[in-house]
Amino acid sequence: MSQDHEKSAPAEGNFRDEETGEPRADFVAAVEEAIAEGDSGHVRELVSPLHEADLGALIELLEHEERPRLVELMGDAFDFAALTEVGESTREDILEEVPVETLAEAMRELESDDAVAILEALEPKEQAQVLEAMPAHERIVLRRSLEAAEGTAGRLMQTTLIAVPPFWSAGEVLDFFRETEPDALPDNFFEVFVVDPAYRLLGTVFLDALVRGHPKTPVEEIMQADRRRVHFDDDTVEVARLFERYNLVSVPVVDEAERLVGVITIDDVVDVMQEAASEEIKALGGVNPHEELTDSFWWIVKSRFLWLLINLGTAFISASVLKAFELELQQMVALAVLAPIVASQGGNSATQTMTVTVRALATRQLARSNALRIILRELATGAFNGAAFGLLTGLVAANWFQSVGLAPVIGLAMFTNLTAGALGGILVPMLLERWKIDPAISSSAFVTTVTDVVGYGSFLGIATLWFRLG
């Protein structure tokens, strides 16, 4: 943060704590107070120096009604790029209060990918009004990106780039950089694209090659003709995997005729990776992947209700196993006490395997070529842990209830359930993936049911035979 900011607001200090990196409560309180007083000058003094990411974090910390008020008080000093750093519901709430003319002017100042991210949050009618208020050439570029399917490279790319003909020299390209208005160049770029007269991509030249090369060397002699590229309709998750696999910092986007239409940079791909990872974590917990902390109470209730209802149904399936052994449980209370331990431990084992499997499927690390080897490895891991914990649990149970016979019963049941849990933890996600069902969302309920049924069934079944109950 700049020194000017520190001087202008010494009482509040920086937005983030220097040690923890967390937003400072006194800074947020100062902004809220300035908003409440309608003090535009003080709001600008506090907020203007913030980076767009910090401004987005500040917006999320404000109360619902304070957010649009902040934008109003900031006026033309508000950085609309910050709206790409907030959740969808927050962004929509703010955009509802911003006049069309203000939005149109703000979109002109943003990189095309950021402008698209904001425009796609608008209702179709409002979106059309903002586009109509923009210059024709900018409107055409943004409209093309908005017409791309959601979650594709066409939505993610930015259209501000530098393309040169192959006969230009390295010196001519560098002169072009110096002579061009800064606003006409991308904010950040790493390479220059070489195109033919039809704008088909021929190759790319990285900036370091331009600087090191002789000024009179044609760019076609130093360009990379085999540069990796993605197509307009490619899925953004696949694009992110390409970046991860080949350590890319940017990649050109081409249409069906191999014409250059945009570029995707690493900062946008990081957002895709984070969003995908966040959605997986939420899905594994039975939470709507699009749920955010800023969502309304009733939206959250509705989004979670269905999953809880499904889990209730699977819980009744598990309870039916206990019901089947009702007589045996009445005859030996120890079985009722120990049965949940077997089921719970099997569930923990299955969850470990399931989590690793779902992530491996998402990153394409688990495929048909190595599936059998991974399945056998997880099966062996489950069996080993089952044997170890079966022995440990058997010793504890026998000592606890002063019954030597409980040791082999619970030990064998523990071995069976941990082995079944490991197998279910990998097979269930793989089968769901094969059936085109998202394993991150659906695996948990099925895997838990498997371990509960096998855990209760094996323990009570073995106990019934061992102690001749019933």
Side-chain angles (χ1 to χ4, degrees), residues 284-286 308 310-358 375-432 442-470:
L284 283 171
L308 291 173
I310 293 172
N311 276 269
L312 179 62
T314 59
F316 273 109
I317 294 174
S318 302
S320 66
V321 178
L322 293 174
K323 176 66 175 176
F325 290 93
E326 183 178 8
L327 182 60
E328 289 80 0
L329 291 171
Q330 291 175 352
Q331 295 178 30
M332 194 169 182
V333 177
L335 300 183
V337 175
L338 296 172
I341 297 176
V342 178
S344 174
Q345 196 70 355
N348 292 334
S349 173
T351 299
Q352 290 177 331
T353 304
M354 180 189 68
T355 303
V356 173
T357 302
V358 168
I375 290 172
L376 293 176
R377 187 199 68 185
E378 291 298 329
L379 187 61
T381 302
F384 181 87
N385 284 334
F389 282 98
L391 178 61
L392 178 61
T393 310
L395 292 174
V396 173
N399 182 65
W400 189 7
F401 290 96
Q402 297 298 304
S403 174
V404 177
L406 280 175
V409 170
I410 197 171
L412 184 56
M414 188 71 76
F415 171 82
T416 302
N417 202 27
L418 263 69
T419 303
L423 193 60
I426 189 169
L427 289 182
V428 169
M430 290 179 65
L431 288 173
L432 292 172
S442 308
S443 295
S444 180
F446 292 112
V447 170
T448 302
T449 303
V450 168
T451 55
D452 284 350
V453 170
V454 173
Y456 290 136
S458 62
F459 178 57
L460 297 176
I462 294 170
T464 299
L465 294 175
W466 185 274
F467 295 110
R468 297 180 181 180
L469 301 174

Exercise. Just wondering, do Met414 and Ile341 contact through their side chains at under 4.5 Å, heavy atoms?
Worked result: yes
For this session: Starting at CD of Gln331, measure out to CZ of Arg468 and round the result to the nearest 0.5 Å.
Result: 14.0 Å
Exercise. What's the spacing between Leu335 CG and Leu322 CG if we round to 0.5 Å?
Worked result: 10.5 Å
For this session: Would you check, one step at a time, whether the test side-chain contact (heavy atoms from CB on, under 4.5 Å) holds for Asn385 with Ser349?
Result: CA-CA 9 Å; Asn385 284 334; Ser349 173; 5.7 Å; no
Problem set entry | Nearest-0.5 Å distance, CG of residue Leu376 to OG1 of residue Thr381 | 10.5 Å
For this session: Decide side-chain contact (heavy atoms from CB on, under 4.5 Å) for Asn348 and Gln345; before the verdict, give the C-alpha distance in whole Å, the side-chain angles of both, and the deciding distance to 0.1 Å.
Result: CA-CA 5 Å; Asn348 292 334; Gln345 196 70 355; 3.8 Å; yes
Seminar exercise, completed: Distance col, row Asn311:CG vs Thr448:OG1, nearest 0.5 angstrom, shows 7.0 Å
Problem set entry | Heavy-atom side-chain contact between Thr351 and Val447 under 4.5 Å | no
Problem set entry | Atom of Pro429, atom of Gly424 and distance for their closest heavy-atom approach | CD-O, 3.7 Å
Exercise. Taking the side chain as C-beta and beyond, is there a heavy-atom pair between Phe415 and Thr419 under 4.5 Å?
Worked result: yes
Problem set entry | Given Trp400, Phe401, Trp466, the one that forms side-chain contact (heavy atoms from CB on, under 4.5 Å) with Leu406 | Phe401
Problem set entry | Inter-residue atom distance Asp452.CG - Thr314.OG1, 0.5 Å rounding | 7.5 Å
Exercise. So, does Gln402 use its side chain to make a donor-acceptor pair with the main chain of Asn399 at under 3.5 Å?
Worked result: yes
Exercise. Do Leu469 and Leu327 pass the side-chain contact (heavy atoms from CB on, under 4.5 Å) test, and can you show the C-alpha distance, the side-chain angles, and the key distance before you say yes or no?
Worked result: CA-CA 8 Å; Leu469 301 174; Leu327 182 60; over 6 Å; no
Problem set entry | Gap between atom CE of Met430 and atom CD1 of Ile375 - 0.5 Å precision | 4.5 Å
For this session: Please check if atom CZ in Phe389 has more than 12 non-hydrogen atoms from other residues, nucleotides or ligands closer than 6.0 Å.
Result: no
